[in-house]
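Treat the numbers as computed from the prediction; the structure is a model and nothing was measured. Lettering follows sequence order; numbering is per chain, from 1.
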Protein chains: 2
Amino acid sequence: MDQSKDMSFLDEEIGFNTVRTSKYITRLLNQHLKSYGLTAEQWTVLKRLHQRGNMSQKHLSEASDKDQATVTKILDLLEAGEFLERKRNPEDRRSFVIGLTKKGEALTEQLYCEVDSVFQKIVNGISEKDIDTYRQVLSKLHRNMKSLI
Amino acid sequence: MDQSKDMSFLDEEIGFNTVRTSKYITRLLNQHLKSYGLTAEQWTVLKRLHQRGNMSQKHLSEASDKDQATVTKILDLLEAGEFLERKRNPEDRRSFVIGLTKKGEALTEQLYCEVDSVFQKIVNGISEKDIDTYRQVLSKLHRNMKSLI
DNA sequence: CACTAATAATTTGTATACAAACTATATTTA
DNA sequence: TAAATATAGTTTGTATACAAATTATTAGTG
């Protein structure tokens with residue numbers, strides 16, 4: 001049977017394989033970050049704070065494309081590890097301002113190189129042209145799904 | 001600064017965006033499957049059993065690229081929903097043979113079309129050539145990471 | 001044949017995703 | 001100005017990922 005007519009072709013080739021690749025990326029990053037007391041998801045949060053400066057939990061949730069409840073829990077862990085701190089917003093008592101500690105700042109700056117070298121290995125042997133197409137497809141998939149959800 | 005020299009380019013463009021796309025795919029499928037009492041991950045398990053016939057939990061874990069502990073829990077839920085059953089392996093008392101029930105069989109056959117139409121929307125506007133490059137990049141990323149883990 | 005090593009599956013613990021409900025506070029409305 | 005509505009963040013519950021340990025059973029070894 002022509003593969004493109006197979007009822008599960010897209011489900012397998014796009015769905016299953018994207019999800020599987022995502023799990024491997026997360027697992028690989030977790031292995032590298034473990035010795036710093038971090039996980040891949042926590043690294044994303046630290047990265048966002050480092051890139052964009054202090055922000056509310058709401059904005060951090062948006063910036064990292066994570067559920068607010070999930071961000072609450074991740075912040076609990078990062079706060080306990082003294083990588084960041086929650087400060088009350090004097091202008092809005094519902095709200096916090098999240099900022100990196102000096103420890104968090106230093107570690108984040110240090111980890112950029114290590115994480116990049118992990119990804120250099122992950123993409124080894126893939127042409128820049130193919131990486132570019134991959135990125136564009138990811139963007140289009142994301143735009144399509146944002147309009148379906 | 002040239003983007004390709006940006007220390008977090010690959011982390012963001014490959015890492016973050018792949019993981020984000022994966023979450024959106026899972027979320028979208030969950031929305032569609034919810035009314036059948038299923039999740040995206042459970043659907044993967046049913047699909048594998050439908051495609052390849054009865055098998056042990058160990059083989060099912062390999063076929064769906066899931067942790068064995070995770071498969072145990074997913075099977076608990078699918079068994080409770082009467083989509084499948086665990087039968088003792090007469091040749092090896094450590095082992096079960098997992099098989100779909102009639103209910104599971106019928107529902108799995110029914111869902112192929114619905115899931116495919118979800119993916120038709122997800123990939124809307126993306127050329128077959130780009131989808132093919134995307135699939136090849138996913139494969140290469142997967143091969144690279146399997147050798148790193 | 002008894003002991004050792006390996007295997008199939010389960011259990012425990014933790015992290016994250018996410019739906020839904022809740023609490024405290026701010027904003028809007030009549 | 002009081003009541004209604006909305007918002008920021010938290011809590012609860014469930015599903016899944018995954019590491020690590022455990023249990024019951026099978027296979028291998030001396």
Whether A/D67 and A/K73 form a salt bridge (side-chain N of Lys/Arg under 4.0 Å from carboxylate O of Asp/Glu) is what I want to check. no
Below 3.5 Å is the cut-off: list the nitrogen or oxygen pairs between protein and nucleotides 15-19 of chain D, distance only.
{"unit_1": "D/dT16", "atom_1": "OP1", "unit_2": "B/T39", "atom_2": "OG1", "d": "2.3"}
{"unit_1": "D/dT16", "atom_1": "OP1", "unit_2": "B/Q42", "atom_2": "NE2", "d": "3.4"}
{"unit_1": "D/dA17", "atom_1": "OP1", "unit_2": "A/K23", "atom_2": "NZ", "d": "2.5"}
{"unit_1": "D/dA17", "atom_1": "OP1", "unit_2": "B/E41", "atom_2": "OE1", "d": "3.3"}
{"unit_1": "D/dA17", "atom_1": "OP1", "unit_2": "B/K66", "atom_2": "NZ", "d": "3.2"}
{"unit_1": "D/dC18", "atom_1": "OP1", "unit_2": "A/K23", "atom_2": "O", "d": "3.4"}
{"unit_1": "D/dC18", "atom_1": "OP1", "unit_2": "A/R27", "atom_2": "NE", "d": "3.3"}
{"unit_1": "D/dC18", "atom_1": "OP2", "unit_2": "A/R27", "atom_2": "NH2", "d": "3.3"}

Could you pull out the protein-nucleic contacts involving nucleotides 5-7 of chain C (nitrogen or oxygen on both sides, under 3.5 Å)?
{"unit_1": "C/dT7", "atom_1": "O4'", "unit_2": "B/R94", "atom_2": "NH1", "d": "3.4"}
{"unit_1": "C/dT7", "atom_1": "O2", "unit_2": "B/R94", "atom_2": "NH1", "d": "2.9"}

To the nearest Å, how far apart are A/H59 NE2 and D/dA8 P? 8 Å
Give, for atom NZ of A/K58 and atom CZ of A/R94, the distance between the pair rounded to the nearest 0.5 Å. 10.5 Å
What is the distance from CD of B/E91 to P of C/dA9, rounded to the nearest Å? 14 Å
After noting the C-alpha distance and the side-chain angles of A/H50 and A/Y112, does the key distance pass the side chain to side chain contact (heavy atoms under 4.5 Å, CB included) rule? CA-CA 11 Å; A/H50 187 271; A/Y112 274 120; 3.3 Å; yes
From CA spacing to verdict: side chain to side chain donor-acceptor pair (under 3.5 Å), A/S56, A/H59: CA-CA 5 Å; A/S56 68; A/H59 281 119; 3.0 Å; yes
May I have the distance from A/R93 (atom CZ) to D/dA8 (atom C1'), rounded to whole angstrom? 14 Å
Test: A/R135 and A/D132 ion pair at under 4.0 Å: yes
Charged tip of B/K103 within 45° of B/F83 ring normal and under 6.0 Å: yes
Expressed as a whole number of angstroms, how long is the span from A/M55:CE to D/dG9:C1'? 16 Å
Tell me which pairs pass salt bridge (Lys or Arg N to Asp or Glu O under 4.0 Å) where either residue lies in residues 41-52 of chain A, with sequence neighbours left out. A/E41-A/K66, A/E41-B/K23, A/K47-B/D11, A/K47-B/E12, A/R48-B/E12
To the nearest Å, give me how far apart CG (B/L75) and C1' (C/dA8) are. 13 Å
Taking the six-membered ring of B/Y24, is NZ or CZ of A/K146 closer than 6.0 Å to its centre and within 45° of its axis? no
note: B/F96, atom CZ; D/dA24, atom P; distance rounded to Å ~ 13 Å
Can you find a side chain N or O atom of B/Q68 that sits less than 4.0 Å from OP1 or OP2 on C/dT11? no
Give a yes/no answer on whether the side chain of A/T72 brings an N or O atom under 4.0 Å of OP1 or OP2 in D/dG9. no
Does D/dT10 have OP1 or OP2 under 4.0 Å away from a side-chain N or O of A/R86? yes
Full working for side chain to side chain donor-acceptor pair (under 3.5 Å) between A/Y36 and A/E114: CA-CA 12 Å; A/Y36 301 98; A/E114 172 155 353; 2.6 Å; yes
Rounded interatomic separation in angstrom, taking CG from B/D92 and C1' from D/dA27: 10 Å
Just how far, in rounded Å, is C1' of C/dA9 from CG of B/N89? 13 Å
